Amino acid sequence: MAEFLQAAVNGLLQGGILALVGLGFSLVWGVTNIVNIAHGAFVVAGAYVGWELHDSLGLNPLLGMLVAAAVLFVVGYGLQRGLVNLVVNAPVWMTLLLTFGLQLLAVNVFVKVATSDYRSIPTGWAARSLALGDVRVPYGRLVALGVAVVCTAGLVVFVERTRTGRAIRAAGMDRSTARLMGIDVRHVYAVTFGLSAALAGAAGVLVGMVGTFSPPDAARYTLFSFVVSVLGGLGNMGGALAGGLLLGLVQAFVGQYLATTLVNAAAFAVLIAVLAVRPSGLLGRPFYETRVEAR
Amino acid sequence: MTARLTVSDVTCRFGGLRALDGLSLTVEPGTILGVIGPNGAGKSTFVNVVTGQIAPASGRVAVDGRDLTGAHPSRLARAGVARTFQVVKPFRDLTVRQNVACGAMFATGASVARGLEEADGVLGRVGLAAVAEARPATLPIGHLKRLELGRALAMRPRILLLDEVMAGLRPDDVAATVALIRRLRDEDGTTVLVIEHNMAAIVALSDEVLVLREGAVLTRGAPGDVLDDDRVVEAYLGQRFARRRRENPDG
Amino acid sequence: GGGGSAGAKSKDGGGKTLTLAAALSLTGTQAREGVLTREGYEICQQVVNGKGGLKVGDTTYTLAITYQDDTSTPDTAANLVDQFNDKGRKFLLGPYGSASTSAAAAVVERNGQVMVDSAGADDTIFTKGYRRTFAVLSPASVYLSSIVKALAELADPKPKTVAIVSADDGFSKTAAAAGRDEAGRQGMTVADLQYVPNGTTDVSAALTRIRGGKPDVVLGSVHLAEGIAIVKQSGELGLRPSAFGETVAPPTPDFVTTLGAAAEGVLGSSQWTTETEGSDAWFGTAKDYAAAFRARYGRDPEYHNAEASAACLALVEAIGKAGVLDADKVRDALAALDQASFFGPLRFDPTGKNATKPMAVVQIQSGKAVTVWPKSAGTAALRWPAR
Amino acid sequence: MTRAGAVVAAAAFAVLCLLPAGLAPGDVRTMTSVLLFATLASAWNIIGGFAGYASFGNVAFFGLGGYSVAVLMTKASWPFLPSVAVAAVLSAAFAALVGLPVLRLRGHYFAIATLGVAEGLREVVVNLPRLTGGGAGITIPTLGARATTHYPGTTGFYWYALAVLVAAVAVSAAVSGSRFGYGLRAIQLDEAAAASVGVRTTAAKLAAFALSAALTALAGGVFAFQQVTIYPERLFSVEITVLMVVMAVLGGAATVSGPVVGAFTLRLLDEYLRRHFLGTHLIVFGAIIVAAVVFLPQGVVRCSADAWRERRLGLLDTVRAYRL
Amino acid sequence: MGEALLAVSALEAGYGRVPVLDRVDLTVGEGEIVALVGGNGAGKTTLLRAVSGQIRPGGGTVRWRGRDVAGQRPEAIVGLGIAHVPEGRRLFAGLTVRENLLVGAHHRRDADVETDVAHMLELFPRLAERLDRPAGQLSGGEQQMCAVARGLMGRPALLMIDELSLGLAPNVVDTLLERLATIAAAGTAVLVVEQDIDAALDLAARGYVLENGRIVLEGPSPALRTDPRVSQAYLGTAGDGPA
Ligand SMILES: Nc1ncnc2c1ncn2[C@@H]1O[C@H](COP(=O)(O)OP(=O)(O)OP(=O)(O)O)[C@@H](O)[C@H]1O
Ligand SMILES: Nc1ncnc2c1ncn2[C@@H]1O[C@H](COP(=O)(O)OP(=O)(O)OP(=O)(O)O)[C@@H](O)[C@H]1O
Ligand SMILES: [Mg+2]
Ligand SMILES: [Mg+2]
């Protein structure tokens with residue numbers, strides 16, 4: 001029983017991190033239809049920002065997280081405005097190619113600048129855990145889950161309830177008509193991309209706090225993001241959280257009761273099973289289907 | 001003789017909404033049936049059910065007495081049922097000629113060369129010969145409607161369902177399209193269902209008119225009778241139309 | 001012109017250059033280790049040339065090394081070996097990692113080149129009948145078993161149960177299997193052997209599974225990422241064995257910097273430490289090597305650096321002994337090589353493995369990896385229980 | 001194919017036939033890898049380009065092909081050619097099997113599901129050490145009595161790779177001009193409309209997927225034998241899938257020549273940079289890809305065709321046309 | 001009448017290097033309803049697009065309250081008070097009907113948005129029943145209602161509607177025409193593209209006939225209605241269309 005509970009806790013906590021990593025990716029993919037291969041590089045970049053702030057200024061990683069988010073927002077906004085916006089009207093997969101190039105560039109610049117050493121942002125408390133009987137709940141991961149939940153909720157409210165959020169969604173569905181309605185699509189797209197990068201940056205700091213990071217990890221974060229956002233339903237922020245948690249739980253339970261080497265196979269098996277039953281993901285609405293890709 | 005198309009007791013739901021509510025009708029071979037009704041009455045849904053895009057919650061659809069309820073759209077297409085889409089669905093990156101050729105190739109099993117040849121003929125008939133090599137993205141709405149029509153005609157259907165193909169055409173082009181469809185029926189014996197909100201076209205074209213309201217048949221009859229029916233005026237045509245019709249009874 | 005086509009070139013100044021070639025993972029997932037390997041090669045080149053170059057027969061050559069990036073993929077490494085061969089480069093230094101080494105070895109064999117392997121430890125490389133690849137380092141099977149041996153010999157009270165976490169790549173599995181067998185021989189119970197995906201940073205499932213058995217020692221046959229995760233997440237999950245022992249990770253500086261205090265007491269196996277016994281004419285002792293390295297790079301060498309330097313050293317020695325720049329002769333000289341070095345004995349068994357060199361076991365004490373085994377070389381006593 | 005296209009293809013083929021005579025073995029080996037990637041990109045293009053079902057798991061068939069060859073040659077002692085033929089058939093069958101559920105998904109959901117298939121398959125290979133050698137890899141015997149087929153050597157593999165590429169291009173060209181090809185393109189452009197004109201969408205998608213898988217498996221088989229020892233990490237690497245997509249898209253998806261052009265351009269560029277920008281080549285490579293996307297947003301083949309037609313290369317005009 | 005609200009003169013526009021509009025002149029006065037008719041491909045949509053900034057004119061001027069706004073970006077032009085209800089509805093399919101209406105008022109900052117939504121629902125009761133459904137699920141005619149309502153939500157000074165009655169039931173067209181007349185009376189200018197020339201000329205005070213990118217006829221509605229060139233194309237005898 002303790003094992004079962006521990007596995008559940010592990011899964012939920014790991015799921016929280018996965019969700020946070022995937023949240024921004026899902027936002028950008030769902031709204032602007034850009035598969036941002038460079039998302040993982042944003043995560044790593046965020047981790048570096050947090051690490052540097054802690055290393056040189058001794059800044060608490062939770063504050064560092066806010067700074068990293070702000071820095072990455074600016075980076076993301078600038079990238080979209082200056083670069084990605086140049087090709088949004090090209091065939092869909094071209095943006096994938098663009099971000100693939102960005103990811104290569106970014107990761108290798110990190111390697112050059114920071115070497116590919118493993119790093120981690122040390123905190124005394126993050127590695128300690130709350131003991132509930134035999135079940136341990138590490139504080140660092142608990143905080144990460146909390147941040148994931150708060151960010152998800154915030155994003156849901158922002159996207160679903162605010163004027164800007166509505167404009168973001170409208171712009172995602174039909175750019176040229178959105179402009180006819182007075183929406184500054186360049187700006188709105190850049191804000192979306194900036195938000196996504198900010199979330200990635202925050203996730204990066206948390207990843208660095210509870211584990212380790214190095215530049216080549218970027219590809220893995222992108223992969224996780226892919227799975228999490230599709231599992232949950234593209235462009236659905238609550239879905240990303242659900243997807244992350246489900247993924248974490250599946251991995252934990254399979255690792256616990258089957259074989260630890262099968263966790264990824266099992267995760268993908270679950271993914272395919274979910275999609276077989278719900279072709280638009282756990283909480284997905286088929287709005288991607290009705291997107292108008294004309295200009 | 002069995003009817004060309006038999007729809008019996010079809011119900012179709014979207015969430016709580018009954019888009020079709022126990023709809024039954026038959027269409028005899030070689031008839032042109034006008035279908036009118038308020039916006040949201042279920043006309044396009046009806047087309048979707050007949051052509052297999054939507055499986056009805058209950059009820060049957062049969063072509064020439066053969067039950068094809070819930071069959072895949074491609075099967076219905078090959079069984080001779082062709083349609084146009086109200087919100088046009090051209091193949092964006094194919095030329096107009098290739099678009100039409102697709103109709104011939106897949107519904108009648110023509111080879112690529114044969115399909116393109118066929119397309120040339122059809123393009124002439126629907127007035128798109130001049131833009132045969134253009135891509136749909138560059139075409140105005142009127143041409144896209146004709147492209148829908150052309151692609152359906154290339155399928156050499158036995159049943160042709162036209163969902164507002166004449167909306168957005170200039171009146172003289174509407175007249176020409178009406179003539180085209182009539183000739184198709186007269187020469188090939190095609191059965192045609194026309195959905196239009198353009199009453200001039202409906203009157204000029206239809207042997208019979210059916211009025212759909214809230215997913216069920218409100219009335220069915222000769223065009224003149226239907227348009228004078230008070231219920232139809234009330235639910236659909238409106239007072240301005242009725243007034244004009246009184247002033248100008250034959251057109 | 002010197003005898004043979006082995007990359008000897010006359011330079012304008014009159015001196016001759018002997019060019020060795022190396023395919024290295026300078027980008028990609030193994031860029032870190034690739035760079036360390038390169039540093040090891042470079043310091044070797046510097047030392048050889050600093051001592052006036054390499055005498056082959058009657059000619060003295062300046063040593064040069066040409067590098068290409070294998071992008072951490074085995075197929076590229078293999079391709080590079082072919083490209084080196086096109087340029088007449090017959091003497092190769094190994095790439096980083098078992099997969100790339102294995103891929104390169106197959107091509108080396110066909111092309112009649114020779115390669116000294118600095119970082120491909122998996123024993124399976126040496127089961128394929130290759131005759132032209134020689135590894136200076138101890139094979140994978142020694143990594144974990146040395147830790148077990150060290151514990152059996154030094155730990156008091158002797159641990160009774162061990163649990164092993166292994167990554168699922170070939171190298172780690174070989175090491176894990178050997179460690180398990182050794183534990184059995186030493187009378188310890190192996191409570192559990194769990195595999196985790198190679199490179200994962202979440203090992204909580206494996207740890208939760210072994211936690212129930214309350215093992216005295218948790219052994220990891222893993223790389224750096226998993227190695228760090230084992231220690232970190234054990235803390236989180238309340239798994240507190242008397243010691244952790246891990247193959248590759250602990251001697252790496254990143255291990256201590258990322259784990260901080262949690263790294264204290266962790267045992268690790270190392271191909272080389274500054275206490276390694278032996279010395280040679282080029283580098284002197286292990287301590288001398290470390291000093292030379294520090295002078296150039298401003299930090300202490302890691303064992304990856306030393307491995308690379310040793311590989312270069314073995315090749316240089318063999319070329320000198322062969323006396324001609326002929327690949328076959330150099331191969332024979334390598335096969336016959338038997339000499340002490342800063343890296344320990346350099347002697348190869350018929351399959352090309354370095355079967356005699358012992359592995360050192362280190363323990364993290366006060367933030368430093370100190371050697372605790374083999375005893376003769378140990379500067380420090382094993383701290384036990386370790387945490 | 002147009003006449004000009006046929007002439008260009010024939011000329012390219014002639015050049016490729018002469019190439020081994022003029023190149024050093026190491027460069028022949030590089031070209032072999034270029035040819036294999038061109039095959040992969042062309043094969044991807046059948047499902048991803050023509051049918052518009054962007055498979056992110058085509059590497060599954062590469063790995064399956066490679067491992068089938070390796071296992072058949074080591075465990076069953078089969079010679080290479082029958083092994084690779086069986087590998088292709090097996091992969092096609094596997095594609096049809098997984099295609100049945102997976103091809104019901106649309107767009108990105110399909111992409112991820114296929115990615116899952118590939119990752120899953122890799123883990124299966126890792127977890128079957130008896131058959132596949134697991135993470136330690138499997139070695140095809142090429143020396144001694146256990147070798148079933150004489151190891152063809154650098155040039156030999158070049159010919160194998162060229163043959164496989166020719167097969168892939170021939171299949172692509174045949175598909176492109178055929179009714180089947182029109183059906184796939186119709187599916188890509190509007191699946192509902194395609195069905196309504198009579199395209200048997202499910203059958204067409206399955207056929208395209210299986211065809212793509214078979215060609216991919218051929219390349220995988222050749223690669224495996226060439227490598228001698230293969231590892232699951234490499235044979236099922238997501239990176240290879242990404243490269244297939246990137247090459248096909250950069251060259252021009254849904255064209256016959258695009259994937260080949262894309263593969264040649266990118267692989268040769270990558271190789272050139274790798275040789276000349278030690279340790280930083282990926283930074284340069286990344287920057288070039290970014291620039292290529294910005295200036296050639298329709299892919300190399302379409303953009304150059306446009307430039308040829310208009311007798312004018314308006315890079316800035318294209319940027320203006322595609323920016324927001 | 002002083003300076004017209006919108007004065008298009010010698011406007012040239014097209015796609016890429018394909019010219020469509022050939023020196024088009026057109027004016028719309030404050031509170032005026034103007035009809036624009038013409039065959040398929042004549043360039044009506046192109047003209048509206050050029051005015052609303054969706055395509056960049058190649059020459060000529062677009063004066064808005066006397067100031068040339070040709071070539072400005074669409075989002076800026078909306079802000080000036082020009083709303084364009086595009087051809088083919090172009091609703092945001094994944095947004096609900098209500099959200100679509102709210103997006104129509106995106107550039108407005110006043111507090112009356114909610115009351116305007118209520119007005120739209122009075123005008124198109126059908127929409128009231130569909131308010132919280134994704135617009136992509138609406139029937140074709142319902143979508144047209146939503147598109148027109150979305151345009152009205154911007155409270156523009158000039159409302160341009162492309163294919164006003166496309167897909168609408170006759171009685172709905174009636175209501176809509178009445179409504180347009182009301183809002184015009186309250187000061188909003190309207191430029192409608194419409195194939196039903198009777199309806200268009202009933203509503204509009206003036207009209208333009210566009211063919212092959214050129215204005216071939218213009219004048220007050222009654223005059224156009226009786227012009228033989230109009231009745232030839234619009235009231236029966238076959239043209240160059242389907243034969
Ligand atoms: N996919 C769908 N999901 C939910 N509701 C739908 C869907 N398709 C249609 N409906 C609803 O079903 C009803 C009937 O729609 P349908 O398109 O058949 O109307 P119609 O008679 O063709 O109207 P119009 O004349 O406006 O084209 C409408 O109220 C519409 O909102
Ligand atoms: N995106 C485009 N690219 C190239 N040419 C285009 C494009 N859109 C329209 N055209 C061309 O411009 C001309 C005018 O088209 P426009 O859409 O303005 O016609 P319209 O008068 O609105 O016709 P309809 O009544 O059918 O809507 C047509 O010949 C059309 O082919
Ligand atoms: Mg309809
Ligand atoms: Mg128009």
Side-chain angles (χ1 to χ4, degrees), chain C residues 24-29 31 34-35 38 66-89 98-107 109-111 122-125 127-131 140 166-174 195 197-199, chain D residues 23-34 36-37 119 122-123 125-127 129 133-147 151 153-154 157 223-224 226-235 237 239-240 270-271 273-283 285-286:
Chain C
L24 286 177
S25 42
L26 299 177
T27 56
T29 46
V35 170
R38 179 179 173 162
T66 170
Y67 302 98
Q68 286 281 304
D69 177 10
D70 71 19
T71 67
S72 305
T73 55
D75 36 316
T76 311
N79 192 357
L80 289 174
V81 172
D82 261 344
Q83 290 179 11
F84 289 142
N85 194 47
D86 295 345
K87 300 220 174 69
R89 310 267 182 255
S98 294
S100 292
T101 305
S102 173
V107 185
E109 202 65 22
R110 275 195 297 279
N111 288 344
D122 192 352
D123 298 55
T124 59
I125 302 171
T127 59
K128 295 173 186 165
Y130 299 148
R131 303 183 62 249
S166 170
D168 63 357
D169 61 305
F171 164 77
S172 304
K173 280 174 139 175
T174 306
Y195 294 101
N198 186 5
Chain D
L23 288 181
D27 294 331
V28 172
R29 192 180 176 121
T30 306
M31 283 311 297
T32 307
S33 128
V34 174
L36 287 179
F37 267 106
E119 292 283 295
R122 184 190 59 203
E123 302 244 333
V125 167
V126 169
N127 282 286
I138 182 167
T139 301
I140 301 172
T142 56
L143 303 165
R146 293 199 52 231
Y151 191 74
T154 308
F157 280 109
F223 181 82
Q226 184 197 28
Q227 292 306 306
V228 181
T229 305
I230 54 172
Y231 302 89
E233 278 109 80
R234 184 60 183 153
L235 258 82
S237 149
E239 190 197 313
I240 293 183
D270 182 28
E271 181 69 14
L273 294 172
R274 197 188 53 64
R275 288 190 196 183
H276 294 92
F277 293 80
L278 197 63
T280 53
H281 77 278
L282 289 177
I283 300 179
F285 190 52

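The model shown is predicted, which means the values in this text are computed figures rather than measured ones. Naming convention: chains lettered A, B, ... in sequence-line order (proteins, then strands); numbering from 1 in each chain.
Shown here for Pro74(C) and Arg234(D), the closest heavy-atom pair between the two residues is CD-CD, 4.2 Å. In terms of heavy atoms, Asp27(D) sits closest to Asp86(C) at N-OD2, 3.6 Å. Tyr231(D) and Ser98(C) make their closest contact through OH-O, 4.0 Å (heavy atoms, listed as atom of the first residue, atom of the second, distance).
Contacts of Thr71(C) with chain D are made by side-chain atoms alone, with heavy-atom separations under 4.5 Å and no backbone atom involved. For Val228(D), the part sitting under 4.5 Å from any heavy atom of chain C is the side chain, from C-beta outward, and nothing else. Contacts of Tyr67(C) with chain D are made by both backbone and side-chain atoms, with heavy-atom separations under 4.5 Å. Both the backbone and the side chain of Arg29(D) come within contact range of chain C, judged by heavy atoms closer than 4.5 Å. Proximity to chain C (any heavy atom under 4.5 Å) is restricted, for Thr154(D), to the side chain, taken from C-beta onward. In this structure, no portion of Asn111(C) lies under 4.5 Å from any heavy atom of chain D. Of the two parts of Thr229(D), only the side chain, counted from C-beta on, holds a non-hydrogen atom closer than 4.5 Å to a non-hydrogen atom of chain C. Within the 4.5 angstrom heavy-atom criterion, no atom of Val35(C) approaches chain D.
Within the model, atoms OG1 of Thr280(D) and CG of Asp69(C) stand 9.5 Å from one another, a figure rounded to the nearest 0.5 Å. Within the model, atoms CG of Asn79(C) and CD of Gln226(D) stand 7.5 Å from one another, a figure rounded to the nearest 0.5 Å. One distance of note links CG of Asp82(C) with OG1 of Thr32(D); it measures 9.5 Å at 0.5 Å rounding. In this structure, the separation between CG on Leu282(D) and CG on Leu26(C) is 10.5 Å, given to the nearest 0.5 Å.
Among residues two or more places apart in sequence or in another chain, the ring-ring contact (aromatic ring centres under 6.0 Å, His included) test is passed with Tyr151(D) by Phe157(D), Phe225(D).
Here the side chains of Arg274(D) and Leu80(C) are in contact, with some heavy-atom distance below 4.5 Å.
Residue-environment remark: CZ (Arg146(D)) stays at or below the threshold of 12 foreign heavy atoms within 6.0 Å. Around the CZ atom of Arg131(C), the shell of radius 6.0 Å holds no more than 12 heavy atoms that belong to other residues, nucleotides or ligands.
Of the listed residues (Asn85(C), Asp169(C), Leu24(C)), the greatest number of heavy-atom pairs within a distance under 4.5 Å of chain D belongs to Asp169(C). Taking chain D as the reference chain and counting heavy-atom pairs below 4.5 Å, the highest number among Ala78(C), Ala103(C), Ala167(C), Ser172(C) is found for Ala78(C). Heavy-atom pairs under 4.5 Å with chain D were tallied for Lys128(C), Glu109(C), Gln83(C); the largest tally goes to Gln83(C).
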Decide yes or no on side-chain contact (heavy atoms from CB on, under 4.5 Å) for Arg38(C) and Leu278(D), but give the supporting numbers first. CA-CA 12 Å; Arg38(C) 179 179 173 162; Leu278(D) 197 63; 3.6 Å; yes
